[in-house]
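All ligand and atom numbering here is 1-based and tracks the order in the structure. Quick caveat: nothing in here was measured; it's all calculated off a predicted structure. Throughout, numbering of the chain's residues begins at 1 and tracks the sequence.
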Amino acid sequence: MTALEVQDVDVYYGRVHALRRLSFSVGDGEIVCLLGNNGAGKSTTMNLLSGLVRPKDGAVRWNGMDLATAKPWDIVSAGLIHVPEGRRIFSTMTVHENLLLGGYAVRDRRVVDQRIAQVYELMPRLAERRKQQGGTLSGGEQQMVAIGRAIVGGPKLLLLDEPSMGLAPLVVKQVMEVIAAVNAQGTTVLLVEQNARAALKIAHRAYVVETGTVTLSGSAAELARDARVVEAYLGA
Ligand code: ATP
């Protein structure tokens with residue numbers, strides 16, 4: 001079943017035409033990746049889905065909700081949770097306090113505690129560091145806290161904006177494994193990445209986005225073999 005449908009969307013920042021007839025979909029249970037270089041429109045797409053950027057034209061629907069008009073707060077409450085680029089965890093708060101913040105919209109404290117326990121099970125390294133201040137964690141650990149905090153919010157659709165950014169290859173691999181595990185537990189994932197090599201390993205399908213529009217799409221396996229993708233995103 002299609003969970004998310006973006007259809008012929010145009011977004012402008014003043015005169016800058018950032019998204020041009022952008023169309024893609026994400027099915028329930030999938031990991032879908034949007035691949036693109038700097039300025040392709042990846043962050044704009046994430047902000048569009050979170051209700052922070054509004055389309056001039058086109059449709060954005062998620063499980064019966066019109067994301068083109070819905071309020072950001074209602075979108076989060078419905079379970080569409082965005083892990084922004086650059087992680088943005090609270091550096092003077094502990095790992096545990098950062099995770100608790102992910103549950104701010106969840107009424108039942110027991111649910112929050114259960115989800116935090118689930119995060120610690122999924123990422124034992126965070127359990128070991130639960131009392132450590134966010135700012136003293138490595139980049140990979142901070143990324144894991146950012147993902148963990150989103151999990152505590154109870155995501156149905158998790159939006160991840162460049163989770164591999166600035167991380168060493170081995171750490172990227174660990175972060176991707178966590179994302180695959182979250183998906184295996186039933187969360188649908190939309191992953192935005194410049195790191196095609198890492199993203200295509202865990203994605204089911206992918207779209208290549210260039211200057212605000214989709215130029216290629218297919219299964220992750222197909223795209224990983226596509227000569228144009230290999231040349232532009234996978235290197236020699
Ligand atoms: P990056 O990987 O560098 O973050 P991106 O693929 O996420 O890039 P966007 O940040 O979505 O790309 O930007 C898409 C286009 O819109 C770019 O040309 C960018 O310069 C432009 N843009 C983004 N935000 C604004 C803004 N607030 N005002 C004007 N132009 C903007």
Near [X], which atoms of ligand 1 are under 4.0 Å from a heavy atom of that residue?
X      : result
Asn37  : 6 (O)
Glu162 : 2 (O)
Ala40  : 5 (P), 6 (O), 12 (O)
Lys42  : 2 (O), 5 (P), 6 (O), 7 (O), 8 (O), 11 (O), 12 (O)
Gln194 : 2 (O)

Under 3.5 Å, which donor-acceptor pairs link side chains of residues 31-40 to any protein atom two or more places apart or in another chain?
from	atom 1	to	atom 2	distance (Å)
Asn38	OD1	Gln194	NE2	2.8

Between side-chain atoms of residues 149-161 and protein atoms elsewhere (two or more places apart, or another chain), which donor-acceptor pairs fall under 3.5 Å?
from	atom 1	to	atom 2	distance (Å)
Arg149	NH1	Arg88	O	3.3
Arg149	NH2	Arg87	O	3.3
Arg149	NH2	Arg88	O	3.2
Lys156	NZ	Ala78	O	3.4
Asp161	OD2	Ser43	OG	3.3

Nearest neighbour in protein (non-hydrogen) for [atom]:
atom                    : answer
atom 31 (C) of ligand 1 : Tyr13 CD1, 3.2 Å
atom 11 (O) of ligand 1 : Thr44 OG1, 2.5 Å
atom 3 (O) of ligand 1  : Asn38 OD1, 3.0 Å
atom 10 (O) of ligand 1 : Ser43 CB, 3.8 Å

Please tell me whether [X] and [Y] have a donor and an acceptor in their side chains that are separated by less than 3.5 angstrom.
X      : Y      : result
Glu141 : Gln132 : no
Glu210 : Thr215 : yes
Ser77  : Asp74  : no
Ser164 : Glu193 : yes
Tyr207 : Arg205 : yes

Handout entry: Atom pair CE/CD1 of Met123 and Ile147 - distance to nearest 0.5 Å
Key = 6.0 Å

Problem - NZ/NE/NH1/NH2 to OD/OE distance under 4.0 Å, Asp10 and Arg21 - result: yes

Practice task
Determine whether any heavy atom of Gly41 lies closer than 4.0 Å to an atom of ligand 1.
Solution key: yes

Short N or O distance, [X] and ligand 1, threshold 3.5 Å exclusive:
X     : value
Thr45 : no
Gly39 : yes
Val16 : no

Practice task
Assign the ring pair Tyr104 / Trp73 to parallel, tilted or perpendicular, where the plane angle (0 to 90°) is split at 30° and 60°.
Solution key: tilted

Practice task
Check each heavy atom of Val192 against ligand 1 and say whether those closer than 4.0 Å belong to the side chain, the backbone, both or neither.
Solution key: neither

Handout entry: Within-cutoff protein neighbour (heavy atom, under 4.0 Å) for atom 20 (O) of ligand 1
Key = no

